[in-house]
Amino acid sequence: MARTDKAPKEKPRGEVDSPPPREEYFRKILIANRGEVALRVIRACRELGIQTVAVYSTADVDSLHVRFADQHVCIGGPASAESYLNIPNIISAAEITEADAIHPGYGFLAENPSFSHICEECRIQFIGPPPDIIAKMGDKAVAKHTMSAAGVPVVPGSDGIVKDPAEAEAIANRIGYPVIIKAVAGGGGRGMRVATNDRTLRTGIVTAQAEASVAFGNDGVYIEKFLVNPKHVEIQVLGDNHGHVIHLGERDCSIQRRHQKLIEETPCPVMTPGLRKKMGGAAVDACRAAGYVGAGTVEFLLDRDMHFYFMEMNTRIQVEHPVTEVVTNTDIVKEQIRVAAGYPLSLTQDEVRFEGHAIECRINAEDHERGFIPCPGTLTTYHPPGGPGVRVDSHAYRECVISPHYDSLIAKLIVRGHNRTEAIERMKRALDEYIIEGVKTTIPFHLWVMENPVFRQGDFGTNFIDEHFGK
Amino acid sequence: MARTDKAPKEKPRGEVDSPPPREEYFRKILIANRGEVALRVIRACRELGIQTVAVYSTADVDSLHVRFADQHVCIGGPASAESYLNIPNIISAAEITEADAIHPGYGFLAENPSFSHICEECRIQFIGPPPDIIAKMGDKAVAKHTMSAAGVPVVPGSDGIVKDPAEAEAIANRIGYPVIIKAVAGGGGRGMRVATNDRTLRTGIVTAQAEASVAFGNDGVYIEKFLVNPKHVEIQVLGDNHGHVIHLGERDCSIQRRHQKLIEETPCPVMTPGLRKKMGGAAVDACRAAGYVGAGTVEFLLDRDMHFYFMEMNTRIQVEHPVTEVVTNTDIVKEQIRVAAGYPLSLTQDEVRFEGHAIECRINAEDHERGFIPCPGTLTTYHPPGGPGVRVDSHAYRECVISPHYDSLIAKLIVRGHNRTEAIERMKRALDEYIIEGVKTTIPFHLWVMENPVFRQGDFGTNFIDEHFGK
Amino acid sequence: MNLEEIKELISVMRTNKIKEIDLEQEGTKIRIVAITPASARKGESRSGPAPQYVVAHPGIMTAPPAAAANGAPPPVPAPVVPAEESAQRVEKPERAGKEIKSPMVGTFYRAPAPGAPPYVEVGATIGEDTVICIVEAMKLMNEIKAEMRGRIVEVLVENGQPVEFNQPLFLVEPI
Amino acid sequence: MNLEEIKELISVMRTNKIKEIDLEQEGTKIRIVAITPASARKGESRSGPAPQYVVAHPGIMTAPPAAAANGAPPPVPAPVVPAEESAQRVEKPERAGKEIKSPMVGTFYRAPAPGAPPYVEVGATIGEDTVICIVEAMKLMNEIKAEMRGRIVEVLVENGQPVEFNQPLFLVEPI
């Protein structure tokens with residue numbers, strides 16, 4: 001083609017919106033985690049121009065987070081205690097690679113106040129709240145007390161740790177059965193048991209203390225009123241070092257088995273704008289009072305009368321954060337990094353907009369026909385879905401190994417639609433397209449849920465699976 | 001866990017927003033296309049509860065559109081003329097599968113008025129404009145006349161077909177060189193040539209007529225003023241049978257090689273709200289005057305003085321429609337189906353919102369180091385990117401064959417960010433994650449563009465590749 | 001139910017890719033289970049060639065509904081199968097001879113008119129110009145010629161059934 | 001540039017997975033090109049085992065920058081290579097003997113203090129309790145014992161270099 005354009009720059013086509021100079025957050029971030037969340041953090045860093053260091057156990061040498069990071073350091077053997085929980089090796093890895101910050105992801109060391117403290121001492125920025133906040137909000141009994149003091153309704157129960165069965169019995173008779181016994185150091189559904197009378201409570205306390213001692217190195221347990229088939233509704237909060245705390249609305253995570261979430265969505269199908277304002281406001285007020293910094297989640301139970309009760313707080317990024325991201329058009333991991341670097345949040349509460357409806361299904365290597373037992377193995381075929389409104393967060397690929405050493409999550413499948421109906425139909429379509437062979441997955445279970453009339457109607461609680469699945 | 005919930009339904013948790021009864025569009029849609037666009041239509045149909053019929057050539061027996069459709073019918077041999085352009089076999093396939101509508105995708109029969117007409121005669125709903133509108137807007141010379149009559153600025157040139165070199169020469173001397181010769185039946189960049197003086201014009205007309213006759217069965221050519229390095233900016237329109245026509249903003253498709261688009265984005269980096277209103281309004285007014293129904297694209301050239309000129313109209317879904325979908329949160333294919341079923345558009349112009357910035361890169365099996373020549377072959381590795389803000393529309397999978405019979409498109413990679421900078425950084429991140437082996441792809445080219453200062457600055461025109469690439 | 005009806009049922013099953021029929025009616029009970037690619041694959045070693053995406057079935061296939069309406073979870077989506085293990089291979093043993101394939105998409109008719117005798121029956125000798133059936137497409141009755149010499153071994157499609165391009169219509173023993 | 005310096009350069013290249021160094025300085029010109037997994041793979045048939053995602057390199061690896069800053073398009077992302085064709089195999093020939101691997105992440109030091117003589121040199125005979133080096137982690141100097149008997153054949157890591165868990169530090173000929 002003839003080139004006759006002699007002076008291409010002489011007449012600009014109008015004002016070009018030149019971007020402001022990029023803010024400097026960190027030079028290099030080490031990700032003290034594995035799997036999809038490590039990849040999630042790497043993605044955010046790449047988009048921000050920050051270098052990344054992956055750490056990995058010898059079992060994870062072929063993982064995508066190792067492949068996609070700028071640098072990688074082997075930190076130990078397959079057992080988590082030898083690698084992803086091995087604080088000296090992780091800190092050393094940060095030092096030898098000259099990383100100036102560590103992102104802990106979720107699980108592993110994400111809510112370990114002494115890890116946050118050690119980072120501080122080594123002048124490595126921990127991307128999360130300071131140690132005292134993790135300690136205060138991470139201890140379930142202390143957090144409940146803090147929330148209650150800030151005026152947030154809490155489930156009636158013991159004021160902190162119960163010493164012995166006799167104390168527990170007195171409290172249970174005051175608040176009424178059924179009650180639930182929880183380990184103060186527990187999480188992810190572990191260390192919980194329900195008691196319906198004095199006898200089961202007495203044996204339950206003793207067993208729970210023994211279990212908690214073994215599982216968490218802390219035998220503290222507390223009891224609270226056990227709500228009947230409540231909804232699990234949580235509020236995503238973000239705080240910075242400039243006194244700002246905002247919330248990004250709620251997530252309904254009621255579809256659980258053994259207190260482990262399988263499906264999350266936002267908005268909660270029974271939510272009203274007024275209730276969202278109340279719950280969001282309560283979460284924000286309590287976090288502001290506590291001086292909360294970073295991303296966090298305030299978990300509530302919502303009963304049939306639309307009363308909500310604080311349950312616990314997670315002082316880290318949550319597995320299910322993408323549903324919030326897609327309806328609010330935010331990037332929570334980038335906000336974490338901004339805030340950790342001392343910058344203010346990039347948006348105010350008034351700028352938070354909710355658009356559409358999002359659902360996340362956790363695609364686990366599990367056999368739903370045999371009580372969701374994990375099915376580790378090698379993926380012989382892997383083909384994720386695509387097209388409009390579909391997001392896949394996954395570290396999986398063809399021939400990758402879902403290792404028995406770690407959790408069974410293969411992928412998080414997130415869809416967004418104009419409304420809940422479109423989101424459900426899109427999820428069905430995407431689940432149908434998802435081709436995974438070599439291990440059993442929860443895809444058939446999710447397809448069943450998407451067709452279930454109770455789920456579709458929206459008024460389900462945490463007992464949904466027990467009540468409806470396989471019946 | 002103890003189940004004590006005796007009457008779970010007695011106290012509803014508040015108003016459940018029960019969805020309205022689903023509208024009935026069609027029972028079964030046949031997709032007269034292949035590749036990613038066939039998959040795109042299947043996805044929309046699945047989400048709407050409409051059954052699908054895939055048609056395929058013997059070369060496409062292993063294609064994903066065949067796999068994911070509810071039914072599939074082989075319609076002929078590998079050559080397009082034997083299969084995807086074989087109207088009798090496609091109509092017969094619709095009849096034997098009892099499909100009540102046909103979606104033509106883009107290319108092949110999408111802008112063939114006689115196909116639309118035959119569908120009408122066979123009482124199969126063609127998902128697109130009626131034949132007379134396709135004929136009026138699809139013929140470039142007629143469309144230009146129609147637009148001009150509706151008050152839309154057009155590039156100066158011949159008033160329709162030029163008969164011979166003498167007539168062309170007279171016009172060229174009136175409007176001034178350089179001029180471009182185009183085939184009235186051309187498209188996708190084929191059948192165009194630029195002339196800079198009387199001599200090259202005379203030979204150009206003769207050659208172009210001969211080429212057009214062979215390529216399109218129609219030797220009609222017209223000439224127009226050749227603008228110097230303009231931007232290609234197009235407006236997405238939607239019309240229904242109830243007199244509504246709206247636009248969904250513009251797309252900047254200036255990154256082209258041989259008049260074929262490689263990268264599209266929205267908003268156009270130099271666009272202003274005032275100019276968008278003017279261009280969108282011009283496109284809507286002209287389409288309303290023409291009684292336009294369905295999805296369409298009005299293509300303009302935008303010169304350095306921010307003057308815009310109508311170039312041509314595409315009466316079908318466009319390859320690059322996803323960038324518009326992700327910033328407006330619409331589903332253009334679903335709107336096409338709604339409108340074809342006689343329903344009004346699901347949104348008004350006032351309800352159209354633009355949020356963020358979207359970019360699409362066409363991942364083709366081409367060697368950018370050798371003039372973008374197609375490189376058909378078998379994909380030995382295929383791993384698409386994921387994570388926040390990434391959409392992949394693709395019919396590719398590991399071991400699939402990119403056939404020499406059809407175009408070289410492997411995938412459309414679409415990203416969305418808060419602003420153009422975030423979108424560009426996200427695109428780089430996603431391109432880096434995209435692993436395709438077995439054929440050469442345009443991924444390295446796209447990575448180069450994303451780093452190019454002229455591209456990043458935004459003020460590039462259709463000569464961008466000629467001017468900057470490989471220099 | 002007589003032999004002819006059973007044969008017709010089997011033919012309808014094959015044409016429509018039905019895996020199983022259980023029928024109980026007026027004292028008759030019949031269960032017919034087809035050899036499917038899935039059952040044919042059982043016991044196969046995983047160490048063979050890597051799975052590929054392959055449309056297993058020649059002929060107009062209707063996929064199973066994507067998800068069970070309610071009750072138990074639906075089965076896992078049908079596994080993709082290697083090309084060599086598709087239905088074609090399973091059906092090969094019964095296909096000795098040459099196939100006459102449909103040159104177009106349409107509806108297959110064995111006779112020129114309803115009630116008229118078929119153009120050809122099994123055992124008939126055909127020449128290249130012998131009209132063997134009609135494929136109706138777009139309201140036109142297209143007479144299909146054999147274009148080979150031989151003896152009809154089997155009629156592969158039921159009268160009135162839809163056929164796609166290249167779908168085998170007759171099995172012919174060349175002579 | 002003397003032989004010792006060149007050897008050190010080569011060692012740094014290996015430790016840091018550098019493919020090529022071109023150096024021109026004060027009249028000296030040197031070019032060192034490593035045997036890389038990629039160059040080792042040339043001429044291989046594609047019909048071998050399917051490519052897999054494998055992190056080819058043991059040791060702390062720094063990936064090449066994702067995209068060239070400007071000018072020509074960047075190279076296609078490094079192809080993933082089958083496990084057997086990783087750097088390990090390429091380096092195998094020079095690794096006769098047993099490796100002593102790092103039990104932790106940190107910085108490798110051959111001597112107890114700057115300027116002090118190294119704990120061990122090539123040729124030294126070691127016992128199970130012989131301290132062979134220090135790995136500094138979190139400001140602590142961890143003395144590493146051989147935990148095997150033998151003779152040092154090669155020191156695999158430069159003094160002051162970072163090491164990761166399981167990274168080979170010494171090559172030992174058992175005696």
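Within every chain, numbering begins at 1; the chains are lettered A, B, ... in the order of the sequence lines, protein sequences first and strands thereafter. What's counted below: heavy atoms across the whole structure, side chains too, no hydrogens, waters or symmetry copies.
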Item to check | Residues A/Arg353 and B/Glu355 bridged, charged N to O under 4.0 Å | outcome: no

Item to check | Ionic contact status for B/Lys428 with A/Glu47, cut-off 4.0 Å | outcome: no

Checklist entry - Roughly how far, to the nearest 0.5 Å, is the CG atom of B/Leu64 from the CD atom of A/Glu433? => result 8.5 Å

Next on the checklist: For the interface with chain B, which of A/Asn329, A/Val326, A/Ile180, A/Thr200 has the highest count of heavy-atom pairs at distances below 4.5 Å?
Outcome noted: A/Asn329

Checklist entry - In terms of heavy-atom pairs under 4.5 Å with chain B, which of A/Glu36, A/Lys412, A/Lys334 leads? => result A/Lys334

Do [X] and [Y] come close enough that some side-chain heavy atom pair is under 4.5 Å?
| X | Y | value |
| --- | --- | --- |
| A/Pro388 | B/Arg40 | yes |
| B/Asp331 | A/Arg426 | yes |
| B/Asp432 | A/Arg46 | yes |
| B/Ile42 | A/Arg429 | no |

Checklist entry - Top residue by heavy-atom pair count (under 4.5 Å) with chain A, among B/Glu422, B/Met427, B/Glu325? => result B/Glu422

Item to check | Toward chain B, the part of A/Ala423 with a non-hydrogen atom under 4.5 Å | outcome: neither

Checklist entry - At a heavy-atom separation under 4.5 Å, does A/Arg416 approach chain B through its side chain, its backbone, both, or neither? => result side chain

Checklist entry - For B/Thr330, does its backbone N or O pair with a side-chain atom of A/His418 as donor and acceptor, under 3.5 Å? => result no

Checklist entry - Parallel, tilted or perpendicular for B/His383 and A/Phe68, by the 30°/60° rule? => result tilted

